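Have a look at the structure below, then the notes.
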Protein chains: 2
Amino acid sequence: MIIYYFYVKLITNIKIYKGYLKLIPKIKPKSERKKSLDDYIVKKHLKSTTQRDIIFDQFFNYLGQHVTVDELYESVKRQYSRIGYATIYRTLKLFKECGLAHERNFGDGRAKYEPVKFDGEHHDHLICLGCEKIIEFANNEIESCSLRVARLNKFDVINHKLELYGYCDSCSVNNKRAAG
Amino acid sequence: MIIYYFYVKLITNIKIYKGYLKLIPKIKPKSERKKSLDDYIVKKHLKSTTQRDIIFDQFFNYLGQHVTVDELYESVKRQYSRIGYATIYRTLKLFKECGLAHERNFGDGRAKYEPVKFDGEHHDHLICLGCEKIIEFANNEIESCSLRVARLNKFDVINHKLELYGYCDSCSVNNKRAAG
DNA sequence: CTTGATGCAAAGCTTTTGCATCTGC
DNA sequence: GCAGATGCAAAAGCTTTGCATCAAG
C-alpha cells in the first residue's frame, strides 16, 4: 500500500475530493518536455538549431503562462539578437504540433501562447478586463454539463473553451471606488 | 389569473420546466428592433440614412444567425451597389452599441455577427469543425457553475463565452465512414 | 552535399481611419 | 448650412510566405 502510494506520487499528485482520492497528473518536468520536442524533431526529420533551443528555453523556463509573440520575440532577442519574427511564429507552430503549447485568443487580436502542463491537460480562463490578469481554473461539473448538452445535440465534442470576462478582486474594488 | 396569464403571454413564453413554470422572454419583433435603433439614433444625434436602413433590413430580416461582414456586404450590395465595406463595419458597430447585435469570434480570424434575440439574452455555441454549422444553446447549470468558480476567485463576471468544438451528427458519421 | 531552417521583406487578411464629398435635419 | 455619414483608398496590426542564404546531419 505504502509502496503503491509512492509509485502513484511519482506520476501524480493526490488530492481528497468529495471523499474520494483524486489523482492529478504531475506537471511535466523540463527534461521531459525537451525530450518530447527532440523526439518529434527526429521523427519528422527536422533539425535541431540554436534558435529553437533558445526559444524553447525562454518559452518554457523563463516566461509566464500566457505569452504574446511580441513578448517571446523580445525575450529571445536578448539572447540572440539576429532572431526574426518568422522564426518565432514557425517555432511556436512546431510546439503546437508536438503538443507542447496551446494557442489562445482572448479577443484582443493578438494570440497568446501557453505551455501545456501535462498530456491531455485542459483548463479554462478568467480574464480581467481591468488589468488583463488571467486566472486558470478547471471544473469537472462544467465539463460534464457541456458533454451532456453536446450529447443532446448529437454532437461529438473534440475540445471546448470557456472564458469568463470580468474584474478581479483589486480591479472591481477600484471600479467601485471610481463609480461611487 | 387568466388575465395575468395573457399579460405574461404578451411579454414571455411559458414553458414547464421540472414542474415549475418557466418564463422565456419573447423574441423582439422587427418593429421593436427598429424602434430601438431609431431611438438610439435620436438620442445620440445621429442620422437615419438609406444605407443604414438597408443594412438593418438585410441583417435582421433576411440573413441567418451568424453572419460574416463579407456575407452582409454582398447581401447589401445587391440592394445598393455603391455600398462600401467601411459602412458595413461602422453600421455593425452601431448595432452593437445599441445592444441589437453581438460580435463573435470562433477562431477563424473573421468576426461573425448575430442579432440579439431579446434584452439580456445569453447563449453559447456548438461549432462543427466539419461543416461549420453553429448550434446555439443555453444551460443554467453551466451559468451557475461559472459564477461559483468566479466567486471562489473573487472575480466579478461581466460576461462569459463557452464554445464546444466538435463534429455534428452527420459530420461525425461521415468521419467514421472515412476512418473505418 | 542535401534538405531543412533562418532572416528579411513583401504579401495576405481583416478591420480601422483620413479625407473629400455628400446628405439628413 | 452644419454635423454627421459615406466611399474610397490607404494604413494598421497581426500572421504567413517567397526567396536567397545558412547550417545541421
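Owing to the predicted nature of the structure, the values given are computational and were not obtained by experimental measurement.
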Mind checking whether [X] and [Y] have side chains closer than 4.5 Å, heavy atoms only?
X: A/Phe106; Y: A/Ile134; answer: yes
X: A/His160; Y: A/His122; answer: yes
X: B/Tyr113; Y: B/Leu72; answer: no
X: B/Thr87; Y: B/Thr49; answer: no
X: A/Asn139; Y: A/Asp124; answer: no

### Query
Which residues pass the salt bridge (charged side-chain N to carboxylate O under 4.0 Å, His left out) test with A/Arg104, sequence neighbours left out?
A/Glu114
Measure all distances between protein nitrogen or oxygen atoms and nitrogen or oxygen atoms of nucleotides 9-13 of chain D, and list the pairs falling under 3.5 Å.
none

### Linked hydrophobic residues, A/Leu162 as query - side chain contacts closer than 4.5 Å
A/Leu126, A/Ile135, A/Phe137, A/Ile142, A/Leu147, A/Val149, A/Phe155, A/Val157, A/Leu164, B/Leu126, B/Ile135, B/Phe137, B/Ile142, B/Leu147, B/Val149, B/Phe155, B/Val157, B/Leu162, B/Leu164
### Message
What's the separation between atom CD1 in A/Ile54 and atom NZ in A/Lys77, rounded to the nearest 0.5 Å?
### Response
12.0 Å
Separation of [N] [atom2] from [X] [atom1] (nearest whole Å):
X: A/Ile88; N: D/dT16; atom1: CD1; atom2: P; result: 13 Å
X: B/Tyr73; N: D/dT6; atom1: OH; atom2: C1'; result: 13 Å
X: A/Leu92; N: D/dT16; atom1: CG; atom2: C1'; result: 14 Å
X: B/Tyr80; N: D/dT6; atom1: OH; atom2: P; result: 8 Å
X: B/Arg52; N: D/dG7; atom1: CZ; atom2: C1'; result: 14 Å
X: A/Arg82; N: D/dA23; atom1: CZ; atom2: P; result: 8 Å
X: A/Lys93; N: D/dT16; atom1: NZ; atom2: P; result: 7 Å
X: A/Tyr85; N: D/dT17; atom1: OH; atom2: C1'; result: 18 Å

### Task
Establish whether the base of D/dG7 is bridged to the side chain of B/Arg90 by a donor-acceptor pair shorter than 3.5 Å.
yes
### Query
Given that A/Thr91 and B/Glu103 both sit by DNA chain C, which one's nearest nucleotide is further toward the 5' end?
A/Thr91
## Note on the structure
Residues passing the side-chain contact (heavy atoms from CB on, under 4.5 Å) test with A/Leu129, sequence neighbours excluded, are A/Tyr165, A/Tyr167, B/Ile158
#### Entry: Ring geometry between B/Phe95 and B/Phe60 (parallel below 30°, tilted from 30 to 60°, perpendicular above 60°)
tilted
### Query
Do the rings of B/His123 and B/His125 sit parallel, tilted or perpendicular, given the 30° and 60° boundaries?
perpendicular
#### Entry: Interface residues of residues 31-50 of chain A with DNA chain C (non-hydrogen, below 4.0 angstrom)
A/His45, A/Leu46, A/Lys47, A/Thr49
## Note on the structure
Here the residues of residues 55-72 of chain A within 4.0 Å heavy-atom distance, strictly under, of DNA chain C are none
### Query
Any side-chain donor paired with an acceptor under 3.5 Å for B/Tyr89 and B/Lys93?
no
### Summary
Taking C/dA5, D/dT6, C/dG7 as options, the one with an atom nearest any side-chain atom of A/Gln51 is C/dG7
### Query
So, is A/Tyr89 near the phosphate of D/dT15, with a side-chain N or O under 4.0 Å from OP1 or OP2?
yes
